[in-house]
Amino acid sequence: ESSDDFYSAPSALILPGPARHMGEGWETRRRRGGGHDWVVLRLAAAGWVREVEVDTTHYKYNASSHVALSGWTSPDRSFPILERTRLQPDTRHLFRVPPGPAVTHARLDAYPDGGLSRLRLHGELTADGRAGLAAAWR
């Protein structure tokens with residue numbers, strides 16, 4: 001689920017490997033009013049996020065200027081993983097985040113709009129998350 005897929009789908013954020021050019025990222029249309037763009041991602045399994053990677057590589061003049069990331073522990077319970085944080089264009093950003101509850105979904109808010117090449121959440125699976133993935137592969 002996302003707010004905008006005018007130029008490209010937000011699923012581009014989780015494609016394997018680094019983006020080779022701007023067309024391989026998530027680029028939204030320019031906003032003429034208030035608000036911002038966002039995308040919700042379902043994680044492979046429940047886990048704890050330890051580090052967030054936000055990549056604006058290839059977006060030199062139209063990268064999002066700020067992002068925030070929140071995690072969902074259930075459909076009606078969320079908490080901030082990464083507070084609103086300034087980004088640089090054409091840069092791979094790594095942010096260590098404080099420990100928090102295990103999450104199953106993440107919401108990335110991009111301010112005000114713009115482009116992002118990749119989003120990676122690094123961490124550790126819960127025991128139930130690991131068991132669920134193992135069962136799915138059997």
Please tell me if the side chains of T104 and L43 come closer than 4.5 Å, counting only heavy atoms from C-beta onward.
no
So, taking the atom named OG in S65 and the one named CD in Q88, what distance separates them when rounded to the nearest 0.5 Å?
10.0 Å
Of all heavy-atom pairs between R120 and P16, which one has the smallest distance, and what is that distance?
NH2-C, 3.9 Å
Check salt bridge (charged side-chain N to carboxylate O under 4.0 Å, His left out) between E124 and all other residues, then give those that pass, not counting sequence neighbours.
R50
With a distance cut-off below 6.0 Å to the six-membered ring centre and an angular limit of 45° from the axis, does R107 pair with W38 as a cation-pi contact?
yes
Any pair counted as salt bridge (charged side-chain N to carboxylate O under 4.0 Å, His left out), so long as it reaches residues 51-69, sequence neighbours left out:
E53-R92
Determine the minimum heavy-atom distance between T73 and A102, stating which atoms define it.
CG2-O, 3.2 Å
Would you say the side chain of T56 lies within less than 4.5 Å of the side chain of H93, judging by non-hydrogen atoms?
yes
Under 4.5 Å side-chain linkage, directly or through intermediates, the cluster mates of L15
none
Looking at L116, L119, L108, which one forms a side chain to side chain contact (heavy atoms under 4.5 Å, CB included) with V39?
L108
Treating Ile, Leu, Val, Met, Phe, Trp and Tyr as nodes and any side-chain heavy-atom pair under 4.5 angstrom as an edge, say whether W26 and Y111 lie in one connected cluster.
no
So, for A12 and E24, which heavy atoms are closest and what is the spacing to 0.1 Å?
CB-O, 3.6 Å
Closest heavy-atom pair, W72 versus S78, reported as atoms and distance to 0.1 Å, is CD1-CB, 3.2 Å
Measuring only between side-chain heavy atoms, which start at C-beta, is P18 closer than 4.5 Å to S117?
no
Enumerate donor-acceptor pairs with a distance under 3.5 Å from any side-chain N or O in residues 128-138 to protein atoms, sequence neighbours excluded.
residue : atom : partner : partner atom : Å
R130    : NH2  : L125    : O            : 3.2

Quick one: which residue pairs count as a salt bridge (charged side-chain N to carboxylate O under 4.0 Å, His left out) with a foot in residues 65-81, not counting sequence neighbours?
none
With side chain to side chain contact (heavy atoms under 4.5 Å, CB included) as the test, would you mind laying out the steps for L69 and F95 before giving the verdict?
CA-CA 11 Å; L69 185 74; F95 304 104; over 6 Å; no
So which atom in P101 and which in W48 form the shortest heavy-atom distance, rounded to 0.1 Å?
C-CD1, 3.7 Å
Nearest atoms (heavy-atom pairs only) where V54 meets V67
CG2-CG2, 4.2 Å
From T85 atom OG1 to H66 atom NE2, the distance as rounded to the nearest 0.5 Å:
8.0 Å
Using a side-chain heavy atom cutoff under 4.5 Å and only I, L, V, M, F, W and Y, what cluster partners does M22 have?
Y59
How far does NE2 of H105 sit from CZ of R42, to the nearest 0.5 angstrom?
6.5 Å
